[in-house]
Amino acid sequence: MSYTALYRKFRPQQFEDVKGQEHIVTTLQNQMKADRIGHAYLFCGTRGTGKTSVAKIFAKAVNCEHPVNGSPCGTCPVCQGISAGTSMNVIEIDAASNNGVDNIRQIREEVAYRPTEGRYKVYIIDEVHMLSTGAFNALLKTLEEPPAYVIFILATTEAHKIPITILSRCQRYDFHRISIDTIAERLGELMKEEQVEVEERALRYVAKAGDGSMRDALSLLDQCIAFHLGETLTYENVLEVLGAVDTEVFSALLRQVIGRDITGAVRTVNELIDEGREIGQMVTDFTWYMRNLLLIQSSDDMEEVLDISADNLASLKEEAEMVNPETLVRYIHVFSELANQIKFAAQKRILLEIAIVRLCKPQMQQDYSGLLERIDELEYKIEHGAVSVAPAAVQKTEVPAEKPQLPKAVPDDIKQIIRQWKAIISENGGITRQYLNKAVPTLGNAGELVLVFDDSNAYSYLNDNKADCMDAFKNRLCERSGSEIEVTLRMNESGRSAAAAVPDLRELINFDIEEENF
């Protein structure tokens, strides 16, 4: 006899076998007991959470000759026929490959015929969100008023793609991700039944890798058992088969990153890759490892949330004291971005090495968290004498240069423009408006309007795109003032801020600047 995969062999046959979806199972059983069976159901949830299995069990329950507490007996001819897939009363349709109008029209023709045995004819449409717009429209009328002996069960992983007209005609049930405890407990039960020796730690890692999906966890466990057939399945075996990394390695890697040991951190990563560890899994696991550290820093009552052993928890608490929360958030952001990039990248190893370098060198990070980390690093160096600070007695003090005075006579058209400055700026496009706001408006020697910039990016962008940006800006100035106004761009090279180096028309002209409401 050919081998049957674990997830197929142990597919739930009774409501009692369904794990992690008690809120749905109880509701359906109560409907059976009270004979309040609906005509259309929508089962939503991520892969491997039991949508199709519950649909088949419900199909057996409504047709069972001897139901027990709302569950199918499993022994009558109807139940056995549905379990074997030979019953004419349960029709399974894969909407991914049968998504046209003609396929739905065929269903509409079939529902006119009563079931040959049992009470109900049940249509299970899997991945229903794959139906075309025309197919949904064809299904609409039948779904709204089907014959009394027809039940539709629609299953989907993407409920947001289903038209509201379909949603409003169905009872919706959301299948939750299954917890690690529930998956691990179920895997343990099945391994006893299969007479396979498995370490508890190994089961919990497989359960975690299943990411809330019982089917995925069973498939991964099947793979691990096949690789180490006839042996006790250990935690190390599971890590080897799945290409995963032990948390002790992540601990060493994190310490290298905190210590700015780029060479050591890259060497650690390369050794793991050379051992055959899967890069995507490594990135995901290291991100979770840092997430656990951040949670430990956030609260003292995280033991149950983290779901880790006492030894690992003690180690995590020790490492959590070595790094501040802002730095951890930056690390997590870098690796979260990497996780998205690496899925479709050809050079995954290079991307991972670059991410490690970014962790070790906060100066490469041009954001707030990177700046804070660079300041912390500088303070540490000063405190430990790595950076010398000149004594106050010998520090040079610079006498600030005087700001040039504004000419007594400012042209009226320039005054009129400055009064409406914010309104004029706001009329420009997003990037142009953003860069113009960085300018300090002042008066040139020839009475022209001069925009002085500290930001080289703003200056370069506006200077390089004069035809698109500045010409339109000048036209707005002309419309506002009724005269031709010359505008010049200038990069501030004085060594001081532009606001300190040149007279700002907005501050020095003695009148109120008008603002417009938008």
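Excluded from the calculations below are hydrogen atoms, water molecules and symmetry mates; all remaining heavy atoms, backbone and side chain alike, are included.
When the side chain to side chain contact (heavy atoms under 4.5 Å, CB included) test is applied to Glu199, the partners found at least two apart in sequence or on another chain are Ala202, Thr234, Tyr235. Residues that satisfy the side chain to side chain contact (heavy atoms under 4.5 Å, CB included) test with Thr49, not counting sequence neighbours, are Gln21, Thr46, Lys51, Phe175. Under the rule for a side chain to side chain contact (heavy atoms under 4.5 Å, CB included), the partners of Glu144 that lie at least two apart in sequence or sit in another chain are Lys141, Arg169. For Arg255, the side chain to side chain contact (heavy atoms under 4.5 Å, CB included) partners at least two apart in sequence or on another chain are Ser251, Glu318, Glu319, Met322. Remark: Glu194 pairs with Lys9 by the salt bridge (charged side-chain N to carboxylate O under 4.0 Å, His left out) rule, at least two apart or across chains. Shown here are the ring-ring contact (aromatic ring centres under 6.0 Å, His included) partners of Phe286, two or more places apart in sequence or in another chain: Phe250, Phe335.
Judged purely by atom type and a 3.5 angstrom limit, Asn63 has no side-chain atom pairing as donor or acceptor with the backbone of Gly118.
Inter-residue side-chain proximity for Asp216 and Arg47 is flagged as met; some heavy-atom pair is nearer than 4.5 Å.
Sequence neighbours left out, the pairs with a member in residues 91-113 that pass salt bridge (Lys or Arg N to Asp or Glu O under 4.0 Å) are Lys56-Glu92, Asp102-Arg105. Annotation: ring-ring contact (aromatic ring centres under 6.0 Å, His included) contacts involving residues 77-111, sequence neighbours excluded, are absent. Screening residues 52-101 for ring-ring contact (aromatic ring centres under 6.0 Å, His included) gives Tyr41-Phe58 as the qualifying pairs, with residues at least two apart or on separate chains. For residues 180-202, the set of pairs meeting the ring-ring contact (aromatic ring centres under 6.0 Å, His included) definition, not counting sequence neighbours, is empty. For residues 146-159, the salt bridge (Lys or Arg N to Asp or Glu O under 4.0 Å) pairs, not counting sequence neighbours, are Glu158-Lys161.
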List, one per line, each side-chain donor-acceptor pair under 3.5 Å for residues 183-190, sequence neighbours excluded.
unit_1, atom_1, unit_2, atom_2, d
Arg186, NH1, Glu189, OE1, 3.4

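Look at Asp285 and Lys208 and you find no salt bridge, because none of the NZ, NE, NH1 or NH2 atoms lies under 4.0 Å from a carboxylate O.
Remark: Tyr7 OH is loosely packed, at most 12 non-hydrogen atoms of other residues, nucleotides or ligands lying under 6.0 Å away.
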